[in-house]
Amino acid sequence: MPDIRAIDGANDSTYFFSREQSYIAYYCCGVWNEVGGVKSQPVYTRLIRCEFFVPGPLAPVIDSEMPDCYMPIGEEITLWSSAISQDGGTLSYQWYVSDTPNMPDIRAIDGANDSTYFFSREQAYIAYYCCGIWNEVGGVKSQPVYTRLIRCEFYDPNPNPSGGGTETVIGIAISAMPDKTKYKVGEQLDLKGLKVKISTSSGAKELDDNSKLSVSGFDSSKPGVQSIMISYEGKVTSFTVEVAEESAQPPKNNTANQTPVNTVPNTNNAQNSTSNTNAAPQPSQNQQSSINVNTLVIVLIALVGVLIGIILVLLFTRKKK
């Protein structure tokens, strides 16, 4: 407060200003009361921190994620990422790989800068992949968002060339996603359309009955993206679904990317409030109906009373005659 200085011409209850560059300053207002040409001592508002900032692009939103991959050696795995820009910016991509299922261990893959990434292996191989996605507006990039870690495994489809021994399940992979991947709160999981490929020591085949799968991870009471784990004879893979509120609220943007709210007081509300303080309350429609019915009853009672009085007078007059 000791550092404040008066602003020339700023002598109203409101003060408007703008800046064309990044700017931070602190403002307050001194207020005096005057009676008969004599001013009181001033009182001061608190110091108001005002900042102008260069708004950056919004982070992209990942709208779907692919399942884990399980392929025979020599074939090609296609990884893909799907995201949208919230402000019409340009998306850029970087794929990462890790030898462990831990995000801190990821390392960038040279040249893997597209929404898809293709690769193959000639030997048994397991690694974890994810994609970082940026949104760019006017040459400025947002903070990145990352897909989930995708487990990718290449297996030898013929580990026992002699063909001896019992057939064993080596792994499973999703060959077709379920028809339904978006749910409302309270809905049941629907696996219609899901196809699972089973890799065994004697070759690969498609599972003929999904009821043989063990399914976990779905909770329709919790909105959000969920990983559905499916397993068959100890081998596990997964896919993602989204559970949304039936009347979902629009997402809130990061306040760091929002324009500060205009805090100029709205005098119209105060005036409207003041102007209505002396207004007589108006009866509701139900109250008016009740009043009309009561009035009609009173009028009918009065008419009956008058009629009875006339009859009594006529009877009394006839007796006298």
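Bear in mind the structure is a predicted one, so any value in this text is a computation, not a measurement.
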(message) Could you measure the distance from the OG1 atom of Thr237 to the CD1 atom of Ile228? Nearest 0.5 Å is fine.
(response) 12.0 Å
(message) Between Ser82 and Asp63 (side chain of the first, backbone of the second, donor and acceptor by atom type, cut-off under 3.5 Å), is there such a pair?
(response) no
(message) Is it true that, when you exclude Glu76 itself, more than 12 heavy atoms of the residues, nucleotides or ligands shown sit nearer than 6.0 Å to its CD?
(response) yes
(request) Determine yes or no for a side-chain-to-main-chain donor-acceptor pair under 3.5 angstrom, with Ser81 supplying the side chain and Ser115 the backbone. (result) yes
(request) Please report the closest heavy-atom contact between Thr100 and Ser98, naming both atoms and the distance. (result) O-OG, 2.7 Å
(request) Go through the structure and list residues passing salt bridge (Lys or Arg N to Asp or Glu O under 4.0 Å) with Arg148, not counting sequence neighbours. (result) Asp68
(message) Quick check on the hydrophobic clustering: are Ile150 and Ile106 connected, directly or via other members, by side-chain heavy-atom contacts under 4.5 Å?
(response) no
(message) Starting from Leu189, can I reach Tyr232 by hopping between I/L/V/M/F/W/Y residues whose side chains sit under 4.5 Å apart?
(response) yes
(request) Please report the closest heavy-atom contact between Phe53 and Ser22, naming both atoms and the distance. (result) CA-OG, 4.5 Å
(request) Could you check if a side-chain atom of Tyr93 sits within less than 4.5 angstrom of a side-chain atom of Pro60, using non-hydrogen atoms only? (result) no
(message) Do Cys28 and Met1 make a side-chain contact, defined as non-hydrogen atoms from C-beta onward lying under 4.5 Å apart?
(response) yes
(message) Holding to ring-ring contact (aromatic ring centres under 6.0 Å, His included), I want the full list of residues that pass it with Tyr155, two or more places apart in sequence or in another chain.
(response) Tyr70
(request) Identify, with sequence neighbours excluded, every residue that meets side-chain contact (heavy atoms from CB on, under 4.5 Å) alongside Ile308. (result) Val304, Leu312
Compile the donor-acceptor pairs under 3.5 Å between side chains in residues 33-45 and protein atoms, sequence neighbours left out, one pair per line.
unit_1: Ser40; atom_1: OG; unit_2: Asn33; atom_2: N; d: 3.0
unit_1: Ser40; atom_1: OG; unit_2: Asn33; atom_2: O; d: 3.4
unit_1: Thr45; atom_1: OG1; unit_2: Cys29; atom_2: N; d: 2.9

(message) To check you understand the geometry: which heavy-atom pair defines the closest contact between Glu122 and Ile73, and what is its length?
(response) O-CD1, 3.6 Å
(request) Please report the C-alpha distance between Leu79 and Cys131 in whole Å, then the side-chain angles of each, then the deciding distance to 0.1 Å, and finally whether the side chain to side chain contact (heavy atoms under 4.5 Å, CB included) criterion is met. (result) CA-CA 9 Å; Leu79 300 179; Cys131 186; over 6 Å; no
(request) Please confirm whether the backbone N or O of Glu187 pairs with a side-chain atom of Ser220, one donor and one acceptor, at under 3.5 Å? (result) yes
(message) Looking at every non-hydrogen atom in both residues, tell me the closest pair between Ile133 and Ala83 and how far apart they are.
(response) CD1-CB, 3.7 Å
(request) Could you go through the side chain to side chain contact (heavy atoms under 4.5 Å, CB included) check for Leu213 and Leu194 one step at a time? (result) CA-CA 11 Å; Leu213 296 171; Leu194 175 67; 4.1 Å; yes
(request) Using the side-chain contact (heavy atoms from CB on, under 4.5 Å) rule, pick out the option among Glu65, Met177, Gln226, Met66 that qualifies with Thr240. (result) Glu65
(message) My understanding is that only residues two or more places apart in sequence, or in another chain, count here; which of them pass ring-ring contact (aromatic ring centres under 6.0 Å, His included) with Phe119?
(response) Tyr117, Tyr129, Phe154
(message) Using the rule given for side chain to side chain contact (heavy atoms under 4.5 Å, CB included), can you reason through Ile174 versus Ile230, listing the C-alpha separation, both sets of side-chain angles and the distance that settles it, and then say yes or no?
(response) CA-CA 10 Å; Ile174 295 174; Ile230 59 174; 4.1 Å; yes
(message) I'd like to know whether CD of Gln188 has more than 12 heavy-atom contacts from other residues, nucleotides or ligands below 6.0 angstrom.
(response) no
(request) Check whether any side-chain heavy atom of Ile198 lies under 4.5 Å from a side-chain heavy atom of Val169, and answer yes or no. (result) yes
(request) State yes or no: do Trp95 and Met71 share one hydrophobic cluster built from I, L, V, M, F, W and Y residues joined by side-chain heavy-atom distances below 4.5 Å, directly or via other members? (result) yes
(message) Any heavy-atom pair between the side chains of Gln86 and Asn135 that's under 4.5 Å?
(response) no
(request) Return yes when atom CG of Asp209 has more than 12 non-hydrogen atoms of other residues, nucleotides or ligands closer than 6.0 Å, and no otherwise. (result) yes
(message) Donor-acceptor check, side chain of Asn102 to backbone of Pro104, threshold 3.5 angstrom: yes or no?
(response) no
(message) Could you tell me if the side chain of Ile172 sits less than 4.5 Å from the side chain of Leu207, heavy atoms only?
(response) no
(request) For Tyr125, enumerate each residue passing the ring-ring contact (aromatic ring centres under 6.0 Å, His included) test, keeping only those at least two apart in sequence or located in another chain. (result) none
(request) Check the hydrophobic clustering (I, L, V, M, F, W, Y; side-chain heavy atoms under 4.5 Å; chains of links allowed) and say if Val243 and Met229 are grouped together. (result) no
(message) If we check salt bridge (Lys or Arg N to Asp or Glu O under 4.0 Å) with Glu242, which of these qualifies: Lys222, Lys184, Lys182, Lys180?
(response) Lys182
(request) Taking all non-hydrogen atoms of both residues into account, name the closest pair between Phe16 and Thr14 and its distance. (result) CE1-OG1, 3.5 Å
(message) Using every non-hydrogen atom in the two residues, find where Val185 and Ser221 come nearest and quote the distance to one decimal.
(response) CG1-CA, 4.2 Å
(message) Do Met103 and Trp134 sit in one hydrophobic cluster, given that two such residues count as connected whenever their side-chain heavy atoms are within less than 4.5 Å of each other, even indirectly?
(response) yes
(message) Within the 4.5 Å heavy-atom criterion, are Glu51 and Ile24 side-chain neighbours or not?
(response) yes
(request) I would like to know whether Asp99 and Asp105 meet side chain to side chain contact (heavy atoms under 4.5 Å, CB included); could you show each step before the answer? (result) CA-CA 8 Å; Asp99 298 325; Asp105 298 333; over 6 Å; no
